[in-house]
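Note on naming: letters A, B, ... go to the chains in the order of the sequence lines (proteins, then strands), and numbering restarts at 1 for each one.
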2 protein chains.
Amino acid sequence: MDQLITHIRKFIVLDDAEAAIVISFFKNENFKKKSLLLHEGSLCSTQYFVLKGCLRLYIINEKGNEQTLQFAIENWWITDYMSLQTQRPTHFYIQAVENSEVLAIDTDHLEKLLVRLPKMERYFRLILQKSFAAYQMRIKYLYTQSAEERYHFFNNLQPEFVQRIPQYMLASYLDFSAEFMSKIRAGKV
Amino acid sequence: MDQLITHIRKFIVLDDAEAAIVISFFKNENFKKKSLLLHEGSLCSTQYFVLKGCLRLYIINEKGNEQTLQFAIENWWITDYMSLQTQRPTHFYIQAVENSEVLAIDTDHLEKLLVRLPKMERYFRLILQKSFAAYQMRIKYLYTQSAEERYHFFNNLQPEFVQRIPQYMLASYLDFSAEFMSKIRAGKV
DNA sequence: CGCGACGTTGATTTGCCTCAACGATTGTGG
DNA sequence: CCACAATCGTTGAGGCAAATCAACGTCGCG
């Protein structure tokens with residue numbers, strides 16, 4: 001659980017008593033590879049912080065194919081913010097890509113934590129700001145790079161992560177087909 | 001300036017004294033249509049809240065074409081979060097699409113405001129959470145819809161806004177060419 | 001009035017998808 | 001521990017959505 005505290009302390013000051021309070025609001029959970037933490041049609045009321053392993057958020061499109069919209073590895077947060085805010089059914093799935101250990105917090109628990117320790121508002125603000133910055137860059141690359149460029153760019157940015165996940169998941173995250181990914185890797189394009 | 005206060009009060013409670021403090025940290029600015037608030041290579045240290053008009057964030061790609069990544073109309077915030085956080089030169093442009101009136105706040109001013117009124121952390125957290133929810137949906141639609149579907153979907157969602165902006169800007173925002181947009185509108189596709 | 005910004009149209013090209021078939025690897029129950 | 005089935009990755013042929021290019025119409029504005 002120290003892992004979350006260490007992460008929070010990169011953004012705000014937290015003494016040990018406060019750290020203990022924070023921890024008390026979270027639930028430690030383990031998920032086996034391929035198990036679902038959220039599925040289409042249900043309500044999303046939980047935010048997850050990944051301690052170990054990897055989660056992904058994906059949809060199933062009209063043709064029945066999965067498309068990965070986000071990954072979350074160690075020290076990343078993941079949830080469906082739209083369902084969380086509107087309390088309407090989600091269109092997304094969240095799945096464990098590897099056997100994973102996470103910290104989970106429900107919306108109502110989070111609200112209580114924020115009332116108890118208002119300084120945590122700042123932590124979550126800064127996390128979201130960082131995520132949003134990454135989003136602006138992602139849109140930029142999606143809009144300017146070809147499929148091949150996106151692959152090389154990502155591979156260069158996250159070489160060790162690319163090794164951890166199936167290629168078809170990365171292909172769908174980068175928004176092209178698994179077959180095309182094969183051709184890029186083989187240099188046949 | 002009431003406009004910002006009204007917006008903030010949709011998210012947090014603010015008495016009149018606090019509202020006055022908030023306002024004192026902002027600068028009111030006007031920009032003529034087509035003028036630049038930020039250009040590539042410079043540092044971004046300001047966040048803008050649109051009172052009236054419309055701003056957009058765009059890049060110029062390798063071929064010299066503009067691609068719009070974001071719009072901001074009344075009551076929306078806009079900035080380059082990556083440059084803001086890293087204090088590295090931006091790759092983006094921010095431009096007034098119409099004659100626009102905005103409230104501007106620099107990073108260091110914002111920090112001082114947040115120290116003075118920590119409850120504003122919550123406001124910005126909620127704004128960012130809302131933006132991030134919208135981002136997750138945008139990626140979903142970019143990944144699942146064809147160009148034509150994206151056009152009709154957006155047109156249906158924001159019919160009055162579509163009237164306000166040149167078609168080529170909307171085309172680049174929806175990630176297809178201006179010529180293709182013409183063909184969609186003419187039903188020739 | 002004339003020029004630049006914006007929009008349209010058609011011909012051609014291309015990046016990537018789809019489909020189908022086939023290896024390789026992994027995992028699992030008998 | 002093997003057999004067999006999933007799962008994952010590869011390859012090639014053919015097709016399509018959208019880009020590109022070029023030319024031309026139109027409007028608004030200085």
(Q) Do the side chains of Arg164(B) and Glu74(B) get close enough for a salt bridge, i.e. N-O under 4.0 angstrom? (A)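 Salt bridge between Arg164(B) and Glu74(B), a charged N being under 4.0 Å from a carboxylate O: yes.
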Q | Sugar-phosphate, base or nothing in reach of Ala186(A), heavy atoms under 4.0 Å | A |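 Here Ala186(A) touches the backbone only, sparing every base.
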Q: Evaluate the ring planes of Tyr81(B) and Phe132(A), with Trp represented by its six-membered ring, and classify them as parallel (under 30°), tilted (30 to 60°) or perpendicular (over 60°).
A: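 Judged by the thresholds at 30° and 60°, the geometry between Tyr81(B) and Phe132(A) is perpendicular.
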[X] [atom1] - [N] [atom2] separation (whole Å):
X	N	atom1	atom2	value
Ile165(A)	dG9(D)	CD1	P	10 Å
Phe176(A)	dG9(D)	CZ	C1'	14 Å
Lys183(B)	dT20(D)	NZ	P	12 Å
Gln67(B)	dA19(D)	CD	P	10 Å
Leu174(B)	dA17(D)	CG	C1'	16 Å
Gln145(A)	dC16(C)	CD	C1'	16 Å
Asp175(A)	dC16(C)	CG	P	10 Å
Arg185(A)	dG9(D)	CZ	C1'	9 Å

Would you tell me if any nitrogen or oxygen in the side chain of [X] comes within less than 4.0 Å of OP1 or OP2 on [N]?
X	N	answer
Lys34(A)	dC8(D)	yes
Lys63(B)	dA19(D)	no
Ser146(A)	dG15(C)	no

Q) Does one side chain, of Tyr135(B) or Arg138(A), offer a donor that lies under 3.5 Å from an acceptor on the other? A) yes
Q. Looking only at side chains, do Thr107(A) and Ser45(A) share a donor and an acceptor under 3.5 Å apart?
A. no
(Q) Quick check for you: among dC6(C), dT20(D), dC8(D), whose closest atom lies nearest to any side-chain atom of Ser177(B)? (A)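 Closest nucleotide among those given: dT20(D).
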Q.
If you only use heavy atoms from C-beta on, which nucleotide in dT20(D), dC17(C), dG9(D) is closest to the side chain of Glu179(B)?
A.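 Among dT20(D), dC17(C), dG9(D), the one nearest the side chain of Glu179(B) is dT20(D).
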Q. Asp108(B): what forms a side-chain hydrogen bond (donor to acceptor under 3.5 Å, both in side chains) with it, not counting sequence neighbours?
A.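 Asp108(B) satisfies side-chain hydrogen bond (donor to acceptor under 3.5 Å, both in side chains) with no other residue.
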Q. Relative to the 5' end of DNA chain C, which residue comes earlier, Ser182(B) or Ala178(A), by the nucleotide with the nearest heavy atom?
A.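 Its nearest nucleotide lies further toward 5', so the answer is Ser182(B).
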